[in-house]
2 protein chains.
Amino acid sequence: MIKNIKIPDVTIERVALYLRPLEDYEKSGGHVISSDKLAELCNVNPAQVRKDLSFFGEFGVRGVGYEVSELLIEIKKILASDREWQMGIAGLDDIGMALVQHKNFLHRGYKFVAAFDSNPRNIGKHLPMGLVVQPLSKLKETAIDLSLEIGVIATPASIAQKTADLFFDAGILAVLNFSATHLRKPDCCLVQNVDFTFNLDHLAYRLNKKK
Amino acid sequence: MIKNIKIPDVTIERVALYLRPLEDYEKSGGHVISSDKLAELCNVNPAQVRKDLSFFGEFGVRGVGYEVSELLIEIKKILASDREWQMGIAGLDDIGMALVQHKNFLHRGYKFVAAFDSNPRNIGKHLPMGLVVQPLSKLKETAIDLSLEIGVIATPASIAQKTADLFFDAGILAVLNFSATHLRKPDCCLVQNVDFTFNLDHLAYRLNKKK
DNA sequence: GCCTGTGAATCCATTCACAGCT
DNA sequence: AGCTGTGAATGGATTCACAGGC
């Protein structure tokens, strides 16, 4: 019952935000939640919660609230996180290794099923979940074989663009970029950059402002 | 010459964004840049660039553009990234180790000068830059000794809140949180959450929307 | 009475368009 | 002529406030 008006990006971000406290709330025994309560857990305005959710349907019951388990399912449906996504990672130095080992990804359905590196020192390495690091030259073939949908770039900045191009060329439409470079991409593809120093810049700014 | 009207958060985020392409531009030999060019490098609107910068002063020359080296200095001054920040990290499993080794932090003036862990297996470990992992019980003392300003949390979610409280109690006003928990904090303190699965949720949503 | 869903009102951010300086 | 700086116009997003259903 998704309305065909434009849904703001910030709404998507907030809906993803709602997911986490909601899961905690369910775990702690809550079955029904009001927009007031959910808003409080997420530090947003209650009307905002209701409006955000109303973009996608009418999930609540007037006078009562939202049924938690149902809302969780709906949100996961909205975010398309109600299924597994097959991911490949390139670059298995410190960050790459940490990402592959990170449990949260799998818990949310993001599954690493292939790993690539250009460094002979890393190729052939055995990773958790039976993954073996393959050379970049195998990327396209493997991506097609395993129907990879998301590529994660954890290579040094110097080869990030080359690696991204390999992903794009293999038909992968979405890339999560942990390298410190801005990536050029075809119009059809999506890139999401993760740069920790951005977060620190923001913290530093706010720290500094309060003298 | 900072004006005392409220500066939007998004402006700060974009100003941090401008920094990186600007540095590249300077490295490739550019000395003067127009708002058009900078906007193109950052995928934003030229008027946006000018308005953002004008919140903080008049850095450009009409008819000419912005002097790159000067603009870099001004932006760093705005973000308070024209100096070193002393950081402590708690949690030295895979993510923590990757962060400590990550060169980008230091390059931007964010310096790890202390490391803490509760796991006896990690305590005493020697890290790059002469860091030695200390027990959490030493956190407060060390934080005060070294004038730590930013705390980085890379512990398991289960002890993230406890660790954050230690940082706050030691007088650290800013925390960068890599654990998958929402942290409670005193009003005077700042918390910035980093959750990679958020980025993936967003990618998944957009991937899914284009069928 | 209580809480959702939503039009209307408000608030804020972006973009336009041009005056003003070089 | 070229490009910045900025008031004014536009376009979105947030919040209010209440109608509508339990």
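Only this structure's heavy atoms are used, side chains among them; waters, hydrogens and symmetry mates stay out. Since we're looking at a predicted model, the values are computed, not measured. Protein chains get the first letters and strands the later ones, always in sequence-line order, with residue 1 at the start of each.
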Please identify each residue that fulfils side chain to side chain contact (heavy atoms under 4.5 Å, CB included) with B:Ala98, with sequence neighbours left out. A:Asp94, A:Ile95, A:Ala98

Whole angstroms only, please: what is the CD-C1' distance between A:Glu58 and D:dG21? 11 Å

From C-beta outward on A:Ala47, which listed nucleotide comes closest to its side chain: D:dC16, D:dC22, C:dT4? D:dC16

In whole angstrom, give the distance that lies between atom CG of A:Leu71 and atom C1' of C:dT4. 12 Å

Can you tell me which nucleotide in C:dA13, D:dA13, C:dG5 comes closest to the side chain of B:Lys6? C:dA13

Considering just the side-chain nitrogens and oxygens of A:Ser35, establish if one lies under 4.0 Å of OP1 or OP2 belonging to C:dC3. no

Other residues, nucleotides and ligands only: do more than 12 of their heavy atoms fall within 6.0 Å of CZ on B:Arg83? yes

Check the side chains of A:Asp165 and A:Gln161 for a donor-acceptor pair under 3.5 angstrom, ignoring hydrogens and angles. yes

Between D:dT4 atom C1' and B:Tyr18 atom OH, what is the distance in whole Å? 14 Å

Using the ring of A:Phe198 (Phe, Tyr or Trp, six-membered ring only), decide whether B:Arg20 places NZ or CZ under 6.0 Å from its centre and within 45 degrees of its axis. yes

So does B:Tyr66 get a side-chain nitrogen or oxygen closer than 4.0 Å to the phosphate oxygens (OP1/OP2) of D:dG2? no

Let's see if you can work this out: which of D:dC22, D:dA17, C:dA13 has an atom nearest to the side-chain heavy atoms of A:Val61? D:dC22

Atom CD1 of B:Ile33 and atom C1' of D:dT4: how far apart are they, to the nearest Å? 14 Å

No-hydrogen, no-angle side-chain donor-acceptor test under 3.5 Å, B:Asp52 and B:Thr11: yes

Please state how far atom CZ in A:Arg50 lies from atom C1' in D:dC18, giving the value in whole angstrom units. 11 Å

CG of B:Asp36 versus C1' of C:dA17: gap in Å, rounded? 14 Å

If I take atom CD in residue B:Gln48 and atom C1' in nucleotide C:dC12, what distance separates them, rounded to the nearest angstrom? 12 Å

Pick the closest DNA chain D nucleotide for A:Lys51 and for A:Arg62 by heavy atoms, then say which residue is nearer the 5' end. A:Lys51

Separation of D:dA17 P from A:Asn45 CG (nearest whole Å): 12 Å

